Every structure is written in structure tokens, then in C-alpha cells.
There are 2 protein chains.
Amino acid sequence: MTHYSGYDRFNIAVDCIIFGFDNEGLKLLLLKRSFEPAKGKWSLMGGFLKEEESLDDAAARVLENLTGLQNVYMEQLAAFGDVGRDPGDRVISAAYFALINIDDSDRALVEKHNAHWVLFKEVPDLIFDHNAMVIRALKRLRRKAATEPIGFNLLPEKFTLTQLQRMYEAVFQHELDKRNFRKKILQMNVLEKLEEKDKESSKRGAYLYCFNEQKYHDLISEGSTFGI
Amino acid sequence: MTHYSGYDRFNIAVDCIIFGFDNEGLKLLLLKRSFEPAKGKWSLMGGFLKEEESLDDAAARVLENLTGLQNVYMEQLAAFGDVGRDPGDRVISAAYFALINIDDSDRALVEKHNAHWVLFKEVPDLIFDHNAMVIRALKRLRRKAATEPIGFNLLPEKFTLTQLQRMYEAVFQHELDKRNFRKKILQMNVLEKLEEKDKESSKRGAYLYCFNEQKYHDLISEGSTFGI
DNA sequence: CCAAAAGTGTTATTAATACACCCATGC
DNA sequence: GCATGGGTGTATTAATAACACTTTTGG
């Protein structure tokens, strides 16, 4: 016996805007829809909410189904609830965005779903209101990446300062000054400089760094903030 | 015949975080819940989504039911979807926040709903996850009010610079320097100075201003941004 | 030896902050 | 004439932006 009988009930979906980053730039993981309506069209990865799971759990499940990844950085963007947004039926969708390192994703799984990493600048027409979701996700990503240390989720555990700068340049879509960038990020003292060097992209080799959660907390607790 | 049969369906609620402002400070419009479960407890104003309306429409309807107001500044905060968030039944709630001028609201309607304007600092324990919604709404309000001209929605059409400053002080919960504040807001050139003076709060009288949408658009289109 | 990326400080400009006195008026 | 809130400018400090050369090393 429910307390709230007599009210309309709805299908609820979660749709995932999955950001990735590599040498080519900022990318989205998109797939060709395998069922009607809009079968064969480009789409975000989605799924329906189940009775026994939270929205956050559903989004994590959908992401894991596609990428094989758990414990990924995810954040709810908003709920999309226009009446005609899905021509198949009335569906309310909670959109989530995720930041992952492309190399961590399970390539076989991704291929099985007929999914592809697409450069953000080249995102095609997507079904329903998915383009609107993507645009809002980028806006949110830009804002948050500028003020919180979430961008690191797009990189491997160990990265060079140049890689880090390229990542921010891809997110913000404009170039940064190398010296000012390094000054700023190093002054915040949230990175740990490793002994190792990366020799892949230069002969000289570049020192590898990793983000240090503890250092970040120290920064915050002394009243400072992260900012690029 | 629906395309998406076989998936669970859910009640969907909208809950409204209604901000107001007067001489006493920043306030929230809260009500004592008139039905089970949690009857008699403090709560946000809410309602259930109907088949024929969008989430935004539902939020606007719920707000109008309580305040009598239409065309109010409203923005979706997020969807809240934890499994046990509402002990009455599984309900997914889309939280919206609204900014209104307290004097514009229909006092009789507000009283009829057993609703009260409560100082933000004195918000009591609310049902379910409503306190969490309120905290996130304030965070969002602070961020957006600092970078977009939404704070004006908390004031009457015509206001003095002191009123404007008090509003921002109430939102940010810290004092601002009078001269720096006036310099900043006037330099942006988004206010229109009226001939009229307000004589209510001083003998000398203070010039009234109003926000000018056109001037704001001019500011934006020349590449500048609003900021307090 | 040279191409290619790594690394490194200083100056100039701009924005943010701190701060105190006179003005107008109703009582 | 005095208490009350309205109104105004400058100097200091901090943050941001602009900018060019040396280093290392594999080929």
C-alpha cells in the first residue's frame, strides 16, 4: 500500500555524457542506438532506472556496462523533463557526466556496444535532447574544472605538466601560457613530482607528476582554493 | 502502445526552494506539511508531476499555487533519487529554486497553505532530504548571483543602491565595502538611475535604480561579464 | 649538429582592496 | 543642531598577462 496513489507514474532514464581526453583532444563516447525509436542514430549511452537503485547508482551501472569502469568521477547534470523530448514515450531523463581516461576503458566492451570516441568539436546530431545535454555538460565541466581538481580524472595517474596543460586547453578550448600555467599549478602545491620521466613525447624526457589528494585537502583547509 | 514497456515506473515530484529577501535578510518560504507521511513537519513546497506537463511547468505550477506568482525566476537545481529519500514511497524529486520579492507574493494564499517566510539562518529541520536541497540551492544561488544578474529578482522593480548591497550581503553572508560595491555595479552600466528618490529609509532620500535588461545585453555583447 | 620538447623569471598591466569625510534632511 | 543614512576618490596591494631564451638528447 503506497501513500501516494493516484498520481501519474513515469519511466525514468539516465543518460551519460562521457568525457575522455587524448592527444587529439577532448572526446565524447557516443553510440549508435540499437533499438527503436531512432535506431541507428547517434546517441548518448543511457538506461532505465530500476526500482531498487538510486539515480546515482543507475548512472554508475550504465557507465560500467559500457566502459567496464567503476568508481569513475560522475556528477549529475540535471533532469530533462520536457513532454515530447522522447518520441517513444514520456520519459524523464537524469543526465550525468563522467570524466574518464580513455585508455582505462574496456575497448572490447565499447566496440560491442557500437560506441565510438568522437572529438568534441565533431559531435554529430544526436537523438532527442542529447545535444542540449552535451552542451550543458561542457559548460559545467569548464566551470568546475576551472575551480576544482576534477580535470585529473581525464588523465592517467601519472602525467607530465605539458599533458596537464593540453588537457586544460582542450577543455577550455583556448591556449594557455606555459610559464604562467606551470607557475600557477605548482604554486598550489597539489602535485607530487615523481622521479620518473616520460620519454614518449620528447627526447629529453619530462618529469611525471601525480595529483595528491592529501595536498589538495591541506590547500583547502588553509583557506585557499584550487584554480586554473 | 508504448515503446518502453517492462521498465519500472515512478512517481516524480517537484520541490521548490523559494528564496525571498527583505530588511531582515534572506528568507525561505517553508510550510508545515498537511498530509502523511511527516504531517505537521516543516517542508519545502512540492507537488507531483502530471502526465501532460514538463518538469519546468510543474515547478511553475507548484510555485504559483503557493504564491500566486507567474513568470518567476526559477532554475532546476538537480534531481534527487535516493531509494529511501521519501519514506512514503519511492519518489524521484526534481528540486527547483526560485527568487521572488516577498512583497509580491499573495499573503492570503501563503497563509492558506500554512506557509511562512523563515530567515535562512534559522531554517529548521525539514523532512526527507529537503535540508540537503536547501544547502545546495544556497550554494548555487551564491555562485550564480556572483556572476549573473539574477539577484535583482529578490528586489522590487525599483531599489536603492543600499538595498542592492544589503541583498548581496544577505546572499553571500558577508559585508561589502560601500564605495567598492557602488563603483563596481555602476561601472558595469546595467542599472538605470531614476529621477525618483526613496525617502523611507533616510531623511535625505536615496536615488532609485532599476536593472536594465538591454544594458545588460550590451555589456555581454561587448565581451564583458556581470560580476559582484 | 639539429630538431623538438622541457624547463625557467621578470616586468607591465590590471583588478581588488582598504579606507574617511562631507551632504542633505526631518525631527 | 544633531542624528541618520547617502554619497564620493585615492593609494596600496595582489593577481594576471605578456614575453624569450637555454637545456637536453635521440636521430
Side-chain angles (χ1 to χ4, degrees), chain A residues 22-25 142 145-147 155-156 158-170 172-210 219 222-228, chain B residues 22-25 142 145-147 155-156 158-170 172-210 219 222-228:
Chain A
D22 63 16
N23 301 334
E24 297 173 77
R142 283 180 174 167
T147 55
L155 294 173
K158 302 169 181 180
F159 48 83
T160 66
L161 293 182
T162 301
Q163 276 180 284
L164 187 64
Q165 184 180 339
R166 296 281 172 269
M167 181 275 290
Y168 280 112
E169 287 173 338
F172 300 139
Q173 210 56 214
H174 62 75
E175 299 200 341
L176 299 169
D177 179 272
K178 182 164 62 160
R179 281 180 288 188
N180 293 338
F181 176 78
R182 286 170 182 235
K183 202 189 311 169
K184 197 159 196 177
I185 195 85
L186 292 174
Q187 273 174 3
M188 282 190 287
N189 193 33
V190 296
L191 298 186
E192 194 176 324
K193 187 176 185 172
L194 305 175
E195 297 301 318
E196 300 172 71
K197 283 192 171 189
D198 170 90
K199 297 281 233 173
E200 298 210 356
S201 56
S202 80
K203 296 157 183 175
R204 177 176 174 177
Y207 278 105
L208 286 165
Y209 290 78
C210 66
L219 179 82
E222 77 189 15
S224 304
T225 54
F226 182 91
I228 298 297
Chain B
D22 63 16
N23 302 333
E24 297 173 78
R142 283 182 174 166
T147 54
L155 294 173
K158 302 170 182 180
F159 49 82
T160 67
L161 294 181
T162 301
Q163 276 179 284
L164 187 63
Q165 184 180 337
R166 296 281 171 269
M167 181 275 290
Y168 280 112
E169 288 174 336
F172 300 140
Q173 210 55 212
H174 62 74
E175 298 200 342
L176 300 169
D177 179 272
K178 182 164 63 161
R179 281 179 288 190
N180 292 338
F181 175 78
R182 286 170 182 235
K183 203 190 309 170
K184 196 159 197 177
I185 195 86
L186 292 175
Q187 273 175 4
M188 282 190 286
N189 192 33
V190 295
L191 298 186
E192 193 176 323
K193 186 177 186 173
L194 306 175
E195 296 301 319
E196 300 172 71
K197 283 192 170 187
D198 169 90
K199 297 279 234 174
E200 298 210 357
S201 55
S202 79
K203 294 155 187 181
R204 177 176 173 177
Y207 279 105
L208 286 166
Y209 290 78
C210 66
L219 179 82
E222 77 188 14
S224 304
T225 53
F226 181 91
I228 296 297

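Being a predicted model, the structure only gives us computed values, none of them experimental. Just so it is clear: chains get the letters A, B, ... in the order the sequence lines come, proteins before strands, and each one is counted from 1.
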Nearest listed nucleotide, side chain of B:S202, among D:dG6, D:dT4, D:dT25: D:dG6
Of the listed nucleotides (D:dT25, D:dG6, D:dC19), which one gets closest to any side-chain atom of B:A206? D:dG6
Please report the interatomic distance SG(A:C210) to CG(A:L191), rounded to the nearest 0.5 Å. 8.0 Å
Distance, rounded to the nearest Å, where A:D177 contributes CG and C:dA12 contributes C1': 14 Å
Return whichever of A:K197 or B:L186 has its heavy-atom-nearest nucleotide of DNA chain D closer to the 5' end. B:L186
Quick check: on DNA chain D, is the nucleotide nearest A:K178 upstream (toward 5') of the one nearest B:S201, or the reverse? Name the residue that is more 5'. B:S201
Rounded to 10°, tell me the angle between the two end axes of the helix from C:dC1-D:dG27 to C:dC27-D:dG1, each built from five pairs. 0°
Can you check whether A:Q163 reaches A:S201 side chain to side chain, under 4.5 Å on heavy atoms? no
May I ask you to list the residues of residues 159-168 of chain A, by number, that have any heavy atom positioned under 4.0 Å from an atom of DNA chain C? A:T162
Just do the side-chain contact (heavy atoms from CB on, under 4.5 Å) check on B:I228 and B:I185 with the steps written out, would you? CA-CA 7 Å; B:I228 296 297; B:I185 195 86; 3.7 Å; yes
Round to the nearest Å and state the distance from A:F181 atom CZ to C:dG9 atom P. 18 Å
Rounded to whole Å, CD1 of A:I228 lies from C1' of D:dA17 at a distance of 16 Å
Drop me the distance from A:E24's CD to A:R166's CZ, to the nearest 0.5 angstrom. 14.5 Å
Please evaluate the base of C:dA6 for a donor-acceptor partner in the side chain of A:R204 within a cut-off of under 3.5 Å? yes
Greater than 12 external heavy atoms within 6.0 Å of A:E222's CD: yes
Atom CD of B:Q187 and atom P of C:dA16: how far apart are they, to the nearest Å? 10 Å
Write down the distance between NZ (A:K184) and P (D:dA18), rounded to a whole number of angstrom. 13 Å
Using whole Å, report how far OH of B:Y207 lies from C1' of C:dC23. 12 Å
From A:K183 NZ over to A:D177 CG, what is the distance, rounded to the nearest 0.5 angstrom? 7.5 Å
B:L176 atom CG is separated from C:dA18 atom P, nearest whole Å, by 11 Å
Between CG of B:D198 and P of D:dG5 the distance, given in whole Å, is 13 Å
I'd like to know if A:R179 reaches the base of C:dA6 with its side chain such that a donor and an acceptor end up less than 3.5 angstrom apart. no
Looking only at heavy atoms, which two atoms of A:L155 and A:M167 are closest? And how far apart? CD2-CB, 4.1 Å
If the cut-off is 4.0 Å, is B:K183 near the phosphate of D:dT8, judged by side-chain N/O to OP1 or OP2? no
Ring of B:Y209, cation from B:K193 - is the NZ or CZ under 6.0 Å from the centre and inside 45° of the axis? no
Rounded to the nearest 0.5 Å, how far does CG of A:L164 lie from CD of A:E169? 10.0 Å
Side chains of B:Q165 and B:T162: does their closest heavy-atom pair fall under 4.5 Å? no
Would you tell me if any nitrogen or oxygen in the side chain of B:R182 comes within less than 4.0 Å of OP1 or OP2 on D:dG7? yes
